[in-house]
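Every chain is numbered from 1, with letters handed out A, B, ... down the list of sequences.
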Amino acid sequence: MNEKEKNEEQIDLKVYQEMQELKKEYKDIEEKSKHELEKVKEEYERKLKATKEKIIETVKDPKKMLAFIAIIGTMITTIEVQSKELKSIDPTYAHLSEPAVMAKSDRVVDLNSYEEIELENGIRASIKRDSLNIEKPEIDVNKYDAVEILSDEELDRLKDEGIEVSEGDTVTKLGNGIIAVTKAEAIKDKMEPTYSTSKSLDKVEVMSDEELDIISLENGIKAVTKSKKDEKIKDNSDKAVEILSEEEIAKIEEENGIKLSEYDSVKKLSNGIVVVTKKQIKKDYIEPTYKNISEQEVHEVASEESKQNGIQKMSDKELDDMVR
Amino acid sequence: MENIKEIKEKFERGEISQEDMDIETQKKVANLYKEEIEQIRENITAIRKETSEYKKKIAELDKVNDLLDSED
């Protein structure tokens with residue numbers, strides 16, 4: 001075996017370094033989680049003790065006990081009144097074709113069928129009672145229009161994965177347990193997917209740096225477009241991909257605040273857009289967050305930014321030529 | 001044959017280099033890393049689940065406490 005063949009048989013040293021870093025990151029998270037658990041446990045024990053003492057004190061004193069019963073009675077009356085007035089509120093969680101979460105309406109909610117709940121982001125929504133059993137959802141696996149409520153734990157996990165969920169975003173837990181997040185800005189800007197499904201990509205096209213323009217879109221996401229000077233584009237189908245260079249990967253990480261691992265799929269489409277598929281998402285075959293956008297729309301978004309940068313906007317004809 | 005775990009530890013300590021391992025050993029060491037990472041992930045999930053359950057219990061206790069306090 002010559003030296004070259006020998007080198008080719010080596011596992012890239014970077015793989016080890018990345019795995020070591022990844023392990024360290026997870027270890028840190030594990031330590032923090034343990035610490036958090038200890039804190040919560042202590043708080044629970046403290047509150048449990050205090051509550052027990054308070055209950056004993058209340059039961060011992062007939063005056064206090066009577067006052068307590070009176071409060072419970074008042075609460076029941078209040079709930080009865082509210083049930084006649086309660087209206088459903090627009091939920092954070094979308095895909096409402098499955099009426100697990102009621103859409104916004106002026107209808108009075110019948111509390112026998114619906115229950116008003118407070119979601120993790122503080123928004124109140126009406127949930128059909130029989131869909132509340134999260135342990136055993138009555139929805140078909142892989143049915144993308146069925147939704148479920150996210151737990152604190154799941155929201156934390158999203159945060160750890162670098163996905164910041166804020167009010168206005170669509171956070172959907174699908175029937176198969178996969179969580180999909182659609183950023184509010186993305187809907188507004190009709191952006192290409194940040195994360196996309198890894199479907200068969202049967203063509204690889206190599207583009208030079210000179211052929212590419214890196215632009216910043218309205219929602220702050222960086223995208224790559226083919227340079228408009230380039231006339232060599234023949235195939236604009238989504239199936240054409242390009243391998244990213246190390247420099248490009250570093251740039252994507254820096255500019256988008258994401259960390260790419262060896263498991264992620266990072267591809268550049270023939271229209272210049274960079275598509276990142278995170279490992280977990282790829283594994284679970286999640287649907288893209290943003291999808292079904294034509295190349296023309298991407299260039300339209302890009303040209304808005306280009307205008308701000310003093311770069312000439314592409315005409316419709318130029319775009320048509322490019323698509324052809 | 002030397003234990004893969006020991007080989008990995010030596011590699012981490014810099015006592016052996018990658019070139020000292022044949023390709024099969026390298027793969028096994030890499031797999032060991034993956035297994036360790038997966039194990040830590042599972043631990044994190046279990047810890048978080050337990051934390052979440054405690055938080056729910058605390059929320060219930062808070063409700064009871066509020067009720068008990070309101071009759072004062």
Shortest non-hydrogen contact from [X] to [Y]?
X: A:E36; Y: B:T51; answer: CG-CG2, 3.8 Å
X: B:N65; Y: A:T51; answer: ND2-OG1, 2.9 Å
X: B:I44; Y: A:S33; answer: CG2-OG, 4.0 Å
X: A:K47; Y: B:D62; answer: NZ-OD1, 2.9 Å
X: A:V40; Y: B:K55; answer: CG1-N, 4.0 Å
X: A:K23; Y: B:I40; answer: CG-CD1, 3.9 Å

If I take atom [atom1] from residue [X] and atom [atom2] from residue [Y], how far apart are they, to the nearest 0.5 angstrom?
X: A:K49; Y: B:L61; atom1: NZ; atom2: CG; result: 14.0 Å
X: A:Y44; Y: B:E60; atom1: OH; atom2: CD; result: 8.5 Å
X: B:K34; Y: A:L22; atom1: NZ; atom2: CG; result: 11.0 Å
X: A:E43; Y: B:K57; atom1: CD; atom2: NZ; result: 13.5 Å
X: A:H35; Y: B:I47; atom1: NE2; atom2: CD1; result: 13.0 Å

query: Do the side chains of A:I29 and B:R48 get nearer than 4.5 Å, heavy atoms only?
result: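 In short, these two side chains touch, coming nearer than 4.5 Å.
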
- prompt: Quick one: of A:K41, A:K39, A:K32, who has the most non-hydrogen atom pairs under 4.5 Å with chain B?
  reply: A:K41

query: Using non-hydrogen atoms only, which part of A:K27 is less than 4.5 Å away from chain B: side chain, backbone, both, or neither?
result: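 Looking at A:K27, backbone and side chain both touch chain B.
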
Chain A contact via B:D22 - side chain, backbone, both or neither, heavy atoms under 4.5 Å: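 Interface part for B:D22: neither.
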
